[in-house]
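All residue numbers in this chain count up from 1 along the given sequence.
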Amino acid sequence: MLFCAAWIRRDRHRHLGTVNTKCRFFAEALELDNVTFKTVDAGGFDVGRFDIAYSFDVVEHIPWEHHETFLKGVYKNLKPGGVFYIRAPHSYNIRQYVAGHIGLPTYEELMQAAENTGYKAQVLLGHTGKASPVNYAVALERMIYRVAPNEYWRYTFLKYFSLANVVLKLTK
């Protein structure tokens, strides 16, 4: 069973996004069939119900002090061995200045929060789905921060190394 978290933005006049669109795209990419889509509160599930969870551009809208709470909420809803795929713009990403991005992570910060919650964290390269067992992202992130003279160059280097977004595979 798949749990998909997606950020829904609404204004006074129209609905600007849907959970189902992002979740359908993810289900199709994983070649999942027999999938039912519902919009629900993540806290209302039975413990250990899901095989896969997916969060696409959600965590950056959650204040820092609630990141571990968010990760724990998904963790408790995963079956043993379940996987949580999470993506957010990197803290050094140019999109850090977008209104509503109040909790942009770095690889180091998000991996630490995930490990504190009990996950085994692996770096994914962009959307290629290639996982790395080696945590090279934190070392690159630190090096880029030291050598890049400003945010533009930090973003450029991160993009070059496919790290402009924090993309992790978290296993329970």
Side-chain angles (χ1 to χ4, degrees), residues 1-11 14-30 32 35-79 82-129 131 137-138 141 155 158-159 162-172:
M1 187 173 284
L2 169 70
F3 169 74
C4 178
W7 179 251
I8 302 298
R9 190 175 125 194
R10 298 173 188 267
D11 65 16
R14 61 192 170 133
H15 186 261
L16 299 174
T18 67
V19 171
N20 287 351
T21 302
K22 290 181 179 181
C23 295
R24 285 181 201 282
F25 175 78
F26 184 69
E28 288 171 12
L30 289 177
L32 301 174
V35 177
T36 302
F37 296 93
K38 296 179 183 179
T39 302
V40 295
D41 180 347
F45 296 118
D46 297 329
V47 172
R49 183 171 181 190
F50 296 98
D51 301 300
I52 301 170
Y54 176 70
S55 172
F56 181 90
D57 292 348
V58 173
V59 74
E60 68 271 18
H61 298 277
I62 300 170
W64 277 111
E65 60 271 18
H66 300 295
H67 278 194
E68 283 191 32
T69 303
F70 170 68
L71 292 169
K72 286 176 186 174
V74 175
Y75 187 89
K76 77 173 186 165
N77 287 299
L78 286 173
K79 292 179 179 178
V83 177
F84 182 25
Y85 295 95
I86 188 166
R87 179 191 159 212
H90 194 284
S91 182
Y92 304 150
N93 193 316
I94 288 170
R95 290 185 289 163
Q96 68 182 299
Y97 303 109
V98 172
H101 284 187
I102 56 177
L104 283 165
T106 64
Y107 273 94
E108 184 172 26
E109 292 161 341
L110 194 55
M111 290 179 81
Q112 186 60 56
E115 289 167 2
N116 290 348
T117 305
Y119 291 102
K120 177 185 172 216
Q122 279 185 295
V123 172
L124 292 179
L125 291 176
H127 292 286
T128 64
V138 170
E141 174 176 272
Y155 175 71
L158 287 164
K159 194 172 177 184
S162 297
L163 299 175
N165 294 305
V166 175
V167 187
L168 299 177
K169 176 182 178 184
L170 308 177
T171 305
K172 181 173 182 180

Heavy-atom side-chain contact between His90 and Glu141 under 4.5 Å: yes
What distance do Arg87 atom CZ and Leu110 atom CG have between them, rounded to the nearest 0.5 Å? 13.0 Å
Quick check: closest heavy atoms across Ser55 and Val58, and the distance to 0.1 Å? OG-CB, 3.3 Å
Nearest heavy-atom neighbours spanning Tyr119 and Leu78: CE2-CD1, 3.9 Å
Within the structure provided, determine whether Leu71 and Leu170 are in side-chain contact (heavy-atom separation under 4.5 Å). yes
Just wondering, do Leu168 and Val123 contact through their side chains at under 4.5 Å, heavy atoms? yes
Would you give the length of the straight line joining atom CG of Leu158 to atom OH of Tyr107, rounded to the nearest 0.5 angstrom? 8.5 Å
Interatomic distance, NZ@Lys79 vs CD1@Ile52, rounded to 0.5 Å, equals 10.5 Å
What are the two closest heavy atoms between Leu104 and Pro89, and how far apart are they? CD2-O, 3.0 Å
What closest approach, in Å, do Pro105 and Trp64 show between heavy atoms, and which atom pair accounts for it? CA-CH2, 3.2 Å
So is Lys172 actually on top of Phe84's ring, under 6.0 Å and inside 45° of the axis? no
Return the minimal non-hydrogen interatomic distance between Glu68 and Asn116, and the atom names on each side. OE2-ND2, 3.0 Å
For His67 and Gly103, work out which heavy atoms get closest and say how close. CE1-O, 2.9 Å
Can you measure from OH (Tyr85) to OG1 (Thr171) and round to the nearest 0.5 angstrom? 7.5 Å
When rounded to the nearest 0.5 angstrom, what distance separates NZ in Lys72 from NZ in Lys76? 12.0 Å
Check whether any side-chain heavy atom of Ile86 lies under 4.5 Å from a side-chain heavy atom of Phe70, and answer yes or no. yes
